[in-house]
Amino acid sequence: MSGINIGLGNNDTEIRREANSDFITFWERQAKNLSWFSTWKKTLDWSPPFARWFVGGTINASYNTLDIHQQNKADKPAILWEGENGESRVLTYKDMWTRVQKFANVLKSLGVQKGDRIIIYLPMIPELPISMLACARIGAIHTVIFSGFSAAAIKDRIDDSKSKIVITADGGYRRGNIIKLKEVIDEAIKDFDFIQNVIVVERTKNKINMSSKDMLWNELMHNISDTCVAEKLDSSHPLYILYTSGTTGKPKGVLHGTGGYLTHLYSTFKWAFDIKDSDVFFCTADIGWVTGHSYVVYGPLLHGATEVMYEGAPDFPDVSRIWKIIQKYKVTILYTTPTALRMSMKFGDDLPNSFDLSTLRLLGSVGEPINPEVWKWYFKIIGKEKCPIIDTWWQTETGGMMISALPGLETISLKPGSGTLPIPGLNISVVDETGNDVPPNTKGYLVIKNPWPGMLLTLWGDDEKYRDVYWSKYKNCYYPGDYALKDTDGYFWLLGRADDVLKVSGHRIGTAELESCIVSHHDVAESAVCGIPDEIKGEAIIAFVVLKQNVTAEALILEKELSIKIRTDIGAIATPKQIYFVTALPKTRSGKIMRRLLKGIANNETIGDVSTLEDGAAVTEIQSAFDELQKSIHKKSN
Ligand code: PRX
């Protein structure tokens, strides 16, 4: 086997053997690493597509991340927080425990009960994990919304979850600017009577309007008891809803449970990062995304690890910020994205080489395919050829890692660009349209053939959609929507999305959501968006727009208006790189837009293999649509 042979000397082959022969007993053994109030009666209740793990067991996520460390690790730093403006804070396990209990009492005093939903719209400050863990402590369901989302985007999420409390901040720092979060929330909730209170953390001290519903975090925390016993919650009690984009216009509320989710995270965090008590872990993800939930909040804290939490943009004040943080806090494990690496790589090796990165011993990548050149750069320039790289494939829905090298478990030969093997206990295949395994080295659809503990419970309020989106393409198999291939060594290579979901800087953006935003502009008749390869972001957005007849506005003005609309309705991350105004969109006879064709045009490719395009589209039809589209693009650009 060709590859880079590197591991940390661990080799627990027994685990894989046990997992392969009986995955249920295997996961049961892993669950015993957590602290349960009462043990389960049944390890797995599987009535496809609904899995309930550790049925009858009671547990609490806040208890498992905080209370259990109070005896031996109370004074150990849990979070080393670095503000974008250079401020810093250290919170020990005791500090976190005290604050979480106090804030849980605040929530209770406001009438929050088990099962209530709480919206958290905060920047990357310690109050964010504190809020999440306080919710978990009393059985409230947290719904974190990425602080880069606009008022219109969060409005849908608040409405869908019917949350009664919102936790936000006056503002947040982003590239030196203040993002006025409280203003965004005021706009988003103005029509909602069901919101009872808005709790405001004062982070930037910018001026805000306070209504009778609004309360200040510091005042609420002032005179409140610091003792709040963790609720004994059913293993399947919902821990959180996290909204994610899919192929429909409406974001889906992925619902995660407690006992199974924590088991998955405890295990993968240990196996993937080989965590030791002395480690300083740094995951650069924002907690607004699933990576932050699983591997900034729950995974590291379950293990009593010390971690760095960084507030701002990785390129502020310049692209060396991440390297500077590693040097400052003597980080040993870095978990970041290919986009962040590509951005840094563009500025050459001198920048990272000018920092002391010698404390690093393990490197991780997540969120999008990592190209082999970037992998090799990461290995050589950042890891100095001594750190294993784990390329971890997973999704919001899977809860935790699904495919990854596991240096904490076994020595494995790494191949740049491959995620390597599934985690133990998982049966993952690459199949064709009909569900048959494809031969080695053949591109197909990734499927997961058995349930796993971190899997989503369902989509919030929509079991039917859950069934339809993930379980209808193949019988009793979970369909993640990714292309992959498996090589002759059984290694998986992830090849991007097979559906209409874009991955821009590792963020998931649904084409339908974006298109419906664009067509809601009064001058637009139709729109189609697609992704094109981007040197830094992995993928960038291109939008094709057909205007209504008799629209006389200048293309440049319209382009600007549409960009503003997208920023307002969704957020800056969804802004297209380019907007093309065209006279018609190429469609199949059944009216489906031929996205691959658009992609080809946007990439200046000739459309070679039209045979693989959607059914019902005659080759000549496609060719003439293609020619017309090119002509109209040409016409507009002249
Ligand atoms: O397409 C895959 C890609 O990200 C999708 C999941 O996105 P999200 O739910 O936002 O979660 C991202 C963080 C886990 C997947 O369907 N993806 C994620 N990790 C990788 C990846 N693609 C290739 N390689 C990865 N390591």
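Counting starts at 1 for both ligands and their atoms, following the listed order. None of the values given here were measured: they were computed from a predicted structure. Note: hydrogens, waters and symmetry copies are ignored here, and every other heavy atom, side chains too, is used.
Applying the salt bridge (Lys or Arg N to Asp or Glu O under 4.0 Å) rule to D286 yields no partners; only residues at least two apart in sequence or on another chain are considered. Considering only residues two or more places apart in sequence or on other chains, K162 meets the salt bridge (Lys or Arg N to Asp or Glu O under 4.0 Å) condition with D159. T442 is linked by a side chain to side chain contact (heavy atoms under 4.5 Å, CB included) to V438, P439, counting only residues two or more places apart in sequence or in another chain.
In this structure, K449 fails the cation-pi test against Y478, since its NZ or CZ atom is not both closer than 6.0 Å to the six-membered ring centre and inside 45 degrees of the ring normal.
Just one residue in the list T268, V290, I423 forms a side chain to side chain contact (heavy atoms under 4.5 Å, CB included) with W394, and that residue is V290.
Few gaps surround NZ on K503; more than 12 heavy atoms of other groups in view lie less than 6.0 Å from it.
Sorted by chain and number, the heavy-atom contacts of ligand 1 below 4.0 Å come from V290, T291, V366, G367, E368, P369, D391, T392, W393, W394, Q395, T396, D482, L494, R497, K503, R508.
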